[in-house]
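Working notes, beginning with the structure itself.
For the numbers below, each heavy atom of this structure counts, side chains included, while hydrogens, waters and symmetry mates do not. Quantities reported herein were computed from a predicted structural model and do not represent experimental measurements.
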Amino acid sequence: MTEEDKLLDLIRIDPEVWFSTFAVIKDKRGKDIKPRANTLQKRMFAHYRQCQVEKKPCKMIILKPRQKGASTCAQALTYHHMRKNENLAGSLMGDIAGTSDKVFEIYRRYAENDNFPWDATGTNLEDGGNLADLMKLRSKSVYGKETAGSKNAGRSGTIQVGNMTEVAFWPNTGQKDPALGYLQSLYDGDNVSLVVADSTPNGPSGWFYRTWTLDNEWAKIFAAWWEFDDSEIPFKSKVELQDFKDTLTEDEKSEMQRFDVNWEQMHWRRRTLQDKCNGDISKFRQEYPSDPEECFLMSSRPRFHVEVLKEMSDAAPSQQFTVGNLSLQDNKTVSYNIDRAGSWKVYNQPEHDSKYVIGVDTCTGEDQQMQGLAADPDYHSVQVWRAPYEDWNGDWHVARMVAVHHSRIDIGVLSEEIIAVAKWYGGAFVVPEVNNTGLAVVKYLLEAGVSVYQRRKINNSTGMVEKFFGWQTDKVTRKTLIDHMAAELMDRNFDIPDPDILHEMKVFVINEKGKPEAAPGHHDDHVLSSALAIYNIDSATSYRGHKKKKITTRMLRKNPSLMCPDGFMRVPLSEYKRLRR
């Protein structure tokens, strides 16, 4: 076999080699050019190549920056794959008709301008296809386009090749998710299957976000804005460079420090921020992300300060904790046993000179739990918080979450857990929400002698002030809790070491109606439990150990077990000194 034949075989097998030798695209000026794969595209090609070698379906999800070639590469992969494999059905679906049209045009340009000798005819397209909506290749493979939300979307039959573009923006009404409908028509049994889902972020919710964040068979491919060669603008002179350095903002300094970007890259960032994002940092981080987590948050309206949460999240992996179970004996003594399958995550065990408060947010109730895991019901969240204090060296320690329980267990069992942890932390003050199953929890706690929050309410009939146990959440008190927590976070007045709690705070957003709530598909159990504890942190109670009865002479004389055979009494040294005084 000649070297030329080897090269032709390589081009026939490898889409990246074909892309750099025979593909034709339009550049940003509108001219037809031969492309060269950038960082993001190389990662996409590499994953496809790996799947082909391993003979498995190729499923990749692309978190893409604007105008960095993700769609160009996705269409190169689908075209090359369908040209080398026979009798495949493929479909492109965009969020709107305009998106589908633009991306479909990239595929059509590949097919019309491809000069690679796939077969003797030298023709890539067959007659019978409508080039605007459907293309038939000489390989007998057919590729069409659809629009998410249209009447017949996803009803074109079984497909082996798919491109879901801007999928985070697909319309999602009620329980109907067009992404799931599209994937139900996809055959993914072997390496003939290829599907690329690409999008810019659109908030921490929906199929795209869930698929990106979960551990699954989808390959996650991302490239930051500073990884592209065209994300640089050179300075015209040393004077211009110095002026730029003199006007560097705190945000720009942080970006340079975090990602080690150079001055020319920061010049591009500032220009793009001004020209294409109207000076909106949040929009830039959404459209041209530096990391895959930040862009999802910036594309929504987070209720809590993102930068402070990021600082806590960065520190969370290094936080030490144990997992275990609490056991209560005789309603007095509590033991903590380390167990990987335990129900408590403990960051700081009880300290005798500290004060503690416990926030409790319970599941919506038994009805919701009966729906099963598929319904994704709420959880119980029980959090122990240590009040702020000044140590012997004069250093100030902010309030800190020190232990957390998160489950869907029966309300009676949950009450036992709360009683045990309250006693373990020296009789900690408990603030349970009573909107749902909290009333049952309060009953158990009071019977066990636990100190429980009381609220005051005026009786409209008598005009008298009455007291009720537990925190009642309504529109006013809920807003009060969330606003107070947000303000305390801004001032860095508390510390949360747990990544699960921090994640819930990150995806706690302001919806279209201006109401703060968990983003679709997420929970707010941890958020409300934290808010209850933080709001009532001043009511935290000092650690109180189990009281031991003092030994008296009378007790010793009445208890023979405390007496020695020779008539002397067995007395602890401390008690002996007290009796001698």
Can a donor-acceptor pair be found between the side chains of [X] and [Y] at a distance below 3.5 Å?
{"X": "T200", "Y": "E166", "value": "yes"}
{"X": "K59", "Y": "S193", "value": "no"}
{"X": "T477", "Y": "Q472", "value": "no"}
{"X": "K68", "Y": "S231", "value": "yes"}
{"X": "S327", "Y": "Q329", "value": "yes"}
{"X": "H526", "Y": "Y379", "value": "no"}
{"X": "Y347", "Y": "D498", "value": "yes"}
{"X": "E433", "Y": "T473", "value": "yes"}
{"X": "E255", "Y": "W225", "value": "yes"}
{"X": "S539", "Y": "N536", "value": "no"}
{"X": "S381", "Y": "D361", "value": "no"}
{"X": "D500", "Y": "H406", "value": "no"}

Would you confirm whether [X], through its side chain, and [Y], through its main-chain N or O, come within 3.5 Å as a donor-acceptor pair?
{"X": "R43", "Y": "F222", "value": "yes"}
{"X": "Q286", "Y": "P201", "value": "yes"}
{"X": "Y336", "Y": "G324", "value": "yes"}
{"X": "D495", "Y": "A399", "value": "no"}
{"X": "T541", "Y": "F429", "value": "yes"}
{"X": "R478", "Y": "P516", "value": "yes"}

Once you measure the plane-to-plane angle for Y209 and H503, does it fall in the parallel (<30°), tilted (30-60°) or perpendicular (>60°) bin?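 Answer is parallel, since the angle falls under 30°.
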Count the heavy atoms of every other residue, nucleotide or ligand shown that sit under 6.0 Å from CD of Q320, and state whether that count exceeds 12.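 Atom CD in Q320 is not crowded, with 12 or fewer foreign heavy atoms closer than 6.0 Å.
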Should we say atom CG of D190 is surrounded by more than 12 heavy atoms from elsewhere, each under 6.0 Å from it?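 Yes.
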Closest non-hydrogen atom pair between [X] and [Y], with its separation:
{"X": "A422", "Y": "I358", "answer": "CA-CD1, 3.7 Å"}
{"X": "E351", "Y": "Y356", "answer": "N-OH, 2.9 Å"}
{"X": "W207", "Y": "A179", "answer": "CG-CB, 3.7 Å"}

How many angstroms lie between atom [atom1] of [X] and atom [atom2] of [Y], to the nearest 0.5 angstrom?
{"X": "H352", "Y": "S542", "atom1": "NE2", "atom2": "OG", "answer": "12.5 Å"}
{"X": "M312", "Y": "L489", "atom1": "CE", "atom2": "CG", "answer": "5.0 Å"}
{"X": "D378", "Y": "D524", "atom1": "CG", "atom2": "CG", "answer": "6.5 Å"}

Only one of Y535, W385, F304 passes ring pair (Phe, Tyr, Trp, His ring centres under 6.0 Å) with F494, and that residue is W385
Is P302 close to F508 at the side-chain level, that is, under 4.5 Å between some pair of heavy atoms?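 Not in contact.
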